[in-house]
Amino acid sequence: MVMLRTLKHFLALLVATGGFALLAHAQNQRGFLSIDCSLPRNSSYYEKTTGLFYISDAGFTDSGESIFLLPENRGTYQQQMWSLRSFPEGIRNCYRINVTSGAKYLIRTTFLYGNYDGKNTLPKFDVHLGSNLWDTVSITDASEAIVMQIIHVPSQNYLHVCLVKTEDSSTPFITSIELRPLNNTAYQTQMGSLALVNRYDTGTPKVETGYRYPFDAYDRSWSSYNPSNWTSLSSSLTNDINVRNSYQPPPIVMSTAATRKKKRDSLDFWLPNGNSSELYYIFMHFAELQKLKDNQIREFNISYDDVENWSGPHSPRYLSLTTVFSSRGLKGGRRISIYATHNSTLPPIINAYEVYMVKEFLTSEADQNDVDAITTLKSTYGVKRNWQGDPCTREYLWQGVSCLYDDSEVPRIISLNLSSSGLTGEISPSISNLKMLQTLDLSNNNLTGSLPDFLSLLPNLTVLNLQNNHLRGSVPPGLLEKWKNKMLLLSVCGNQDVNAPVSCHNKEMQKKNVVIIVVVASVLGIIVVLSTVTAIWWGLKRKRQHHMPSTSTIKTDSRKSRDLQLTYSYILKITNNFERVIGKGGFGTVYHGHLGDTQVAVKMLSPSAVRGHRQFHAEVNLLMRVHHRNLTKLVGYCNDGTNTGLIYEYMANGNLQAHLSDDCPYILKWEVRLRIALHAAQGLEYLHDGCKPPIVHRDVKSTNILLNENLHAKLSDFGLSKTFSTDSTTGSHVSTSVVAGTPGYLDPVYYVSNRLNEKSDIYSFGVVLLEIITGRPAIDESHNRKIHICDWITAILGNGDIRSIVDPRLQGNFDISSAWKAVELAMNCVSPTSIQRPTMSQVVIELKDCLDKGLAWNMESRDNINWKDSIGTRPSDSITQLSPPPR
Ligand SMILES: *[C@@H]1O[C@H](CO)[C@@H](O)[C@H](O)[C@H]1NC(C)=O
Ligand SMILES: *[C@@H]1O[C@H](CO)[C@@H](O)[C@H](O)[C@H]1NC(C)=O
Ligand SMILES: *[C@@H]1O[C@H](CO)[C@@H](O)[C@H](O)[C@H]1NC(C)=O
Ligand SMILES: *[C@@H]1O[C@H](CO)[C@@H](O)[C@H](O)[C@H]1NC(C)=O
Ligand SMILES: *[C@@H]1O[C@H](CO)[C@@H](O)[C@H](O)[C@H]1NC(C)=O
Ligand SMILES: *[C@@H]1O[C@H](CO)[C@@H](O)[C@H](O)[C@H]1NC(C)=O
Ligand SMILES: *[C@@H]1O[C@H](CO)[C@@H](O)[C@H](O)[C@H]1NC(C)=O
Ligand SMILES: *[C@@H]1O[C@H](CO)[C@@H](O)[C@H](O)[C@H]1NC(C)=O
Ligand SMILES: *[C@@H]1O[C@H](CO)[C@@H](O)[C@H](O)[C@H]1NC(C)=O
């Protein structure tokens, strides 16, 4: 916060000096860009007191609302301060400004709240430059302008200034943006950009307004600074100051200097006391203002942090500029002292100085060609979404865009999903400039024209989905060639006029209308059979154990659940003194037990996992009222002060992870996998959407998906990590922060936000889905290094062969389109930002679709099998393959 300055004065109307407006018009504002935010499109004006030319911000942003301050709230500010643009919608809104890459700019943003919304709320928000945080704007006084200035060299020929909501989610706004090209040889640093801390005109007594343009050729703002024990020295020869170095401080600023009365007194000031990692640069400007007599010498040295002779000796010449600056970053809180040398007969002077803080912007922005291409697409198709600023900034990725990050290179766009975006017109040639594109989805739009061959020039394109558009003509040779060589997964179905020799499921099905009906009938048949079987099974089950869940409503009868509190001795009895361990988890050990003739799983919580008994009761009572066929049911609990246990329904086939592992003696079929995923998804959907308040699982993983004797999957351990903490390694009480989640499954957003929500569950579910698809563990540690499944799949997706993704043990026995869909769904779930992830109900719908595809394929691919047979045998087929169960 150290660089934020409220410089009301230099932005004020210089009433007394209205005269130089005309003068300014005549001068050359070379390369100046002055944007008055919310000025109507195409309008512009010369500001009265400075003569600066302000233009509308309409061409630089496509969001926000324009607002004019009430006249009584405009104070004595210059005209550009009278209006602002506010951004109530979206998290991040950006300005895109064309610049010259490699040129050095002074960038100044101002913020005058002026209680524009009548709420008097004092907003707080972040300002980003490109993908990096510049600073936080925190309004403390509605009538005081905040000014942020930075000297920055853009690496691309555009610059993004973004306003970002912070946690207190107040509405960001901006009043003006000004860009001033500087001389590249001035303000050199070893690294980073320079955020202004202060820029002082010393020795100028009683100046109310500071100086800016037209006094300063670069429109820097100078404010006066005069500690009480300094005195001033001035020259009337203002225009004779020889300002020939690249800094060009204004002659009027240089024509006054601070000095001391006594020769031996020094001019001291301190660098800001920032935190220890912050570094500062200082630039000091000197010019002798007295015509010295022959016996007079003014000579001084400069010390930094009491290191004498840090710089010197200096003896500025009459009316001639000397600039002294640090050649590397200086630590804060240290003293700079300007003191006379022994030979000097006069006290030291200083005419002006500037202090800047180093801002290292480490996150690079996306490749410029990619950005140009996608920006063109954005305007060609009028894409709305959150397409603002840099497309690859991790926290604010553009919806439908994914990028490849390589520390040594700029991020590249590798996937673009514009499905169902209402696109019209032809396929834009700009797409061919997204050179690293691997996946392109333009399905379900109104695109017309022919299939362009330029898409074949994308070297890495492996998935091209153009389904359901109005494209015509034939598939161009380049694409056809790639498709034939199995380098491209091409989908053009749903374009009636495309003359495609390309295989496409729908197309094939269209040809065989009869077959479709048969298939649909068969699928329905299976579903009927399945549901009958399930119904019968449920019926039997219910007779045997009356605690089985039957409905998906939360029962509110809490008295009933209290009945299921068991004593410790009873627990000992039903588990036969903890005879058989069936699992071990973060919260404790799980034992096998019998409640009457019903098998149960008894989870004994380690003492350190229970935090407070009142909370335990509240939570358990809530969990016992959650009923859903895809959630393991909590049937009772034990809590006598020392021993705490939870009693769950028993799931005969253990957890999903064991079934996916290499040690498992059999292989789960593709459709079975999808069904398990669907079950788990439905359980999670219920927690998110069916429960009030919604329950965040917080620890979705393959070991928490349990399978019963029919491979019906249920989610377990939901809601636990909120109340209970996992065993800490020290064995002591885990107090404040609740450890949540499991490495490999934990939402990366958590490391930033420290909060888990529904979208974190979606991420974890995505990881589980990837495990199900690939048969690989979430973190593969087999080759002496840890490879996360998401990284693995991102790498392997590049070669576009679904067979290298899906579990090789399936030996290709799966439907390709179903597999692609599942992979795509999983990848959406593990999107780096929560906003890009689907909701659980979307996941359920997609999974149903995958399962339908899988089942349809299964039958299609068995043309030689009698349909009746396959209906009869298919469901049990998948089950018989599994016996004996793993125990
Ligand atoms: C702005 O100017 C452009 C070109 O000069 C013109 O096409 C456009 O209609 C103008 N817009 C408005 C809102 O006046
Ligand atoms: C910025 O530059 C791009 C080309 O690089 C151009 O298409 C665009 O119109 C320019 N924008 C403005 C506001 O000048
Ligand atoms: C000069 O005044 C400043 C405050 O205005 C004070 O911090 C500093 O110690 C004084 N210096 C001397 C040498 O008195
Ligand atoms: C930048 O400053 C240097 C040194 O004073 C000068 O030679 C050069 O002409 C300046 N460049 C511009 C573009 O003004
Ligand atoms: C110090 O400042 C740097 C950069 O502004 C920041 O990243 C860091 O978190 C700060 N450290 C502390 C201890 O505040
Ligand atoms: C000033 O600096 C010069 C050169 O570094 C040194 O020789 C001289 O002793 C210094 N004078 C004082 C008073 O520190
Ligand atoms: C001081 O002045 C004397 C005589 O003019 C000269 O010899 C000496 O080098 C000077 N000392 C410094 C540190 O400049
Ligand atoms: C395509 O355009 C028609 C009208 O021209 C519209 O009804 C339809 O919704 C559009 N389809 C898509 C996918 O945008
Ligand atoms: C993409 O294509 C480039 C150039 O043909 C190639 O060097 C690169 O390895 C490819 N990247 C991937 C991930 O396939």
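Nothing fancy with the numbering, it's 1 onward along the sequence. We count ligands from 1, going down the list as the structure has it; atoms in each ligand are counted the same way. In what follows, every heavy atom counts, from backbone to side chain, and hydrogens, waters and symmetry copies are set aside.
- Ligand 4 places these atoms under 4.0 Å from at least one heavy atom of N245: 5 (O).
- Separation of the Y281 and Y356 ring centroids does not fall under the 6.0 Å cut-off.
- Under a 4.0 Å N-O distance rule, the pair D367/K435 does not qualify as a salt bridge.
- At a distance under 4.0 Å, a protein heavy atom can be found next to atom 11 (N) of ligand 2.
- R180 and S34 share a donor-acceptor pair across their side chains, judged by distance under 3.5 Å alone.
- Looking only at heavy atoms of the protein, atom 13 (C) of ligand 2 is closest to G59 O, 3.9 Å.
- The pair D305-R335 fails the salt-bridge criterion, with no side-chain N (NZ, NE, NH1 or NH2) lying under 4.0 Å from an Asp/Glu carboxylate O.
- Interface atoms of ligand 6 facing N301, defined by a heavy-atom separation under 4.0 Å, are 1 (C), 2 (O), 3 (C), 8 (C), 10 (C), 11 (N), 12 (C), 14 (O).
- Here N184 has no heavy atoms under 4.0 Å from ligand 4, in either its backbone or its side chain.
- With hydrogens and angles left out, the side-chain atoms of Y396 and Q388 include no donor and acceptor closer than 3.5 Å.
- The shortest contact between atom 2 (O) of ligand 2 and any protein heavy atom is with N98 ND2, 2.4 Å.
- In this structure, F68 has its ring center no closer than 6.0 Å to that of Y116.
- Ion pair R334/D306 not flagged as a salt bridge, since none of the NZ, NE, NH1 or NH2 atoms sits closer than 4.0 Å to an Asp/Glu carboxylate oxygen.
- The protein non-hydrogen atom at the shortest distance from atom 3 (C) of ligand 4 is N183 ND2, 3.5 Å.
- Against a heavy-atom cut-off of under 4.0 Å, H342 is close to the following atoms of ligand 6: 13 (C).
- Checking only distances, N309 does come within under 3.5 Å of ligand 6, N or O to N or O.
- In this structure, atom 4 (C) of ligand 4 lies nearest to the protein heavy atom S246 CB, 3.9 Å.
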